[in-house]
Protein chains: 2
Amino acid sequence: MSKQESWTSAGSDDPRLACPITPVVDIVFSRWTTPILWTLHREGRMRFVELQRHIGTVTPKVLTQRLRQLERDGLVLRTYHPEVPPRVEYEISELGRSLAPLFAKLAEWSADHLDSVETARLAYDGGTLP
Amino acid sequence: MSKQESWTSAGSDDPRLACPITPVVDIVFSRWTTPILWTLHREGRMRFVELQRHIGTVTPKVLTQRLRQLERDGLVLRTYHPEVPPRVEYEISELGRSLAPLFAKLAEWSADHLDSVETARLAYDGGTLP
DNA sequence: CAGGATCCACTTGGATACTG
DNA sequence: CAGTATCCAAGTGGATCCTG
């Protein structure tokens, strides 16, 4: 396999789409989406405030926005129980679960190379502002 | 393998770190970073304006900011040639190349599931505002 | 050519208060 | 409880001009 073909098999010269994975990044790696998906995957079905507490510092407004987007993209399922007080549960969908190997790869790269990034940063900062 | 352990082997209950892959996402999936890395990987060493033209609509200021960040994180190498006119070349580093399988996984997921996302969006939009 | 400097428009996200 | 509505601070990206 040539080094030119290791990431993509078909070469597109369209300057407007220099990176074919941009749409996926927009869907999966928007802010707060990875903590949400990660938590829902690990902890299973969960209520709104539970989710909020697990993630930490996230305001209800923003959490709602992200959950709506994830629901629209089919990565998260929302179940509304018409009771008093109302109860809403969120869970990861099958499509969301299909991201598992991807996230595993990400965690793997993190474990293998995150310290290299830290080293590079220290070298850069030390070399530019001593 | 239980479904609780498929993404992470050790369970952390620290609410401040609900998602262990957040740092990687910040490093690799900041805005413009994937087009930059993708282009540099596919096209090889490249000058500033070349890179700018390949990516499309990106202002020099922002491109410089992202390149500085990628250089600091050790993902991109910058070579300055003191000539007139000055010539600067950017290329992907070894650490940057180590992202290749990750990006491949991303492209794979994209090819397999992006249409499902589109379908989910159409269903969601059709069901909420008919 | 490769940016740095400056100014500005817009978007995001947080804080707060309120509702069904 | 599960949001929505409103206001507001901050960060971000674009446009323009300028330099070595």
Side-chain angles (χ1 to χ4, degrees), chain A residues 15-16 18-19 22 25-36 39-40 43-73 76-91 124 127-129, chain B residues 15-16 18-19 22 25-36 39-40 43-73 76-91 124 127-129:
Chain A
R16 293 168 302 179
C19 179
T22 298
V25 172
D26 289 342
I27 293 170
V28 179
F29 299 107
S30 300
R31 197 159 295 181
W32 295 116
T33 54
T34 41
I36 291 173
T39 302
L40 286 182
E43 308 290 330
R45 175 178 292 196
M46 197 175 297
R47 300 182 67 167
F48 186 84
V49 280
E50 271 184 289
L51 189 55
Q52 185 179 5
R53 271 188 285 266
H54 269 271
I55 292 178
T57 58
V58 60
T59 178
K61 188 187 80 171
V62 177
L63 183 56
T64 303
Q65 286 175 346
R66 296 296 111 179
L67 283 171
R68 287 289 182 278
Q69 175 186 337
L70 290 171
E71 187 193 1
R72 189 174 103 99
D73 291 342
V76 158
L77 297 177
R78 188 181 107 115
T79 314
Y80 176 75
H81 303 271
E83 310 165 357
V84 275
R87 186 163 56 94
V88 176
E89 289 183 315
Y90 292 92
E91 61 184 321
Y124 185 91
T128 50
L129 26 116
Chain B
R16 292 167 303 179
C19 179
T22 298
V25 172
D26 289 341
I27 292 171
V28 180
F29 298 107
S30 300
R31 197 157 297 177
W32 295 117
T33 55
T34 41
I36 292 172
T39 302
L40 286 182
E43 308 290 331
R45 174 178 290 194
M46 197 176 296
R47 301 182 64 168
F48 186 84
V49 279
E50 270 184 289
L51 189 55
Q52 185 179 5
R53 271 189 286 267
H54 265 85
I55 292 178
T57 60
V58 61
T59 177
K61 189 187 79 172
V62 177
L63 182 57
T64 302
Q65 287 175 348
R66 295 298 112 178
L67 283 172
R68 287 289 182 279
Q69 176 187 336
L70 290 171
E71 187 194 359
R72 189 175 103 98
D73 291 342
V76 157
L77 298 176
R78 188 182 107 115
T79 314
Y80 177 75
H81 303 270
E83 308 165 357
V84 276
R87 185 164 56 93
V88 176
E89 288 183 317
Y90 292 93
E91 61 184 321
Y124 185 91
T128 51
L129 27 115

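Convention: sequence-line order gives letters A, B, ...; per-chain numbering from 1.
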Nearest whole angstrom, please: distance from the [atom2] of [N] to the [atom1] of [X].
X: A:Leu51; N: D:dC1; atom1: CG; atom2: P; answer: 14 Å
X: A:Gln65; N: D:dG3; atom1: CD; atom2: P; answer: 13 Å
X: A:Trp32; N: C:dG13; atom1: CH2; atom2: C1'; answer: 10 Å
X: B:Gln52; N: D:dG14; atom1: CD; atom2: P; answer: 11 Å
X: A:Glu89; N: D:dA2; atom1: CD; atom2: P; answer: 9 Å
X: A:His81; N: D:dA2; atom1: NE2; atom2: C1'; answer: 13 Å
X: A:Asp26; N: C:dT11; atom1: CG; atom2: C1'; answer: 15 Å
X: A:Leu67; N: C:dG13; atom1: CG; atom2: C1'; answer: 15 Å

Which listed nucleotide ([options]) is nearest to the side chain of [X]?
X: A:Val62; options: C:dG14, D:dA2, D:dA15; result: C:dG14
X: A:Lys61; options: C:dA15, D:dG13, C:dG20; result: C:dA15
X: B:Phe48; options: D:dC1, C:dG3, C:dG13; result: C:dG3
X: A:Thr64; options: D:dG14, C:dG4, D:dG3; result: D:dG3

Measuring to OP1 and OP2 of [N], would you say a side-chain N or O of [X] lies under 4.0 angstrom away?
X: B:Arg68; N: C:dG3; value: yes
X: B:Tyr90; N: C:dG3; value: yes
X: B:Arg66; N: C:dG3; value: no
X: B:Arg87; N: D:dG20; value: no

B:Leu40 and side-chain contact (heavy atoms from CB on, under 4.5 Å): which partner among B:His54, B:Met46, B:Glu91?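 Of all the options given, the one that passes is B:Met46.
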
Please determine, by modelled atom types, if A:Gln65 and A:Arg68 share a side-chain donor-acceptor pair under 3.5 angstrom.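 The answer is no; no qualifying pair exists.
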
Under 3.5 Å, is there a donor-acceptor pair between the A:Arg72 and A:Gln69 side chains?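 Not at all, the side chains of A:Arg72 and A:Gln69 share no donor-acceptor pair under 3.5 Å.
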
Specify the residue among B:Thr59 and B:Pro85 whose closest nucleotide of DNA chain D lies further upstream toward the 5′ end.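 Between the two, 5'-proximity favours B:Thr59.
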
First of A:Arg47 and A:Arg31 reached from the 5' end of DNA chain D, by closest nucleotide: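 The residue closer to the strand's 5' end, by nearest nucleotide, is A:Arg47.
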
Do the rings of B:Phe48 and B:Tyr90 sit parallel, tilted or perpendicular, given the 30° and 60° boundaries?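 Answer is tilted, since the angle falls between 30° and 60°.
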
Residue pair A:Arg31 / A:Arg66: nearest heavy atoms and the distance that separates them: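 Smallest interatomic distance, heavy atoms only, reads O-CD, 3.0 Å.
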
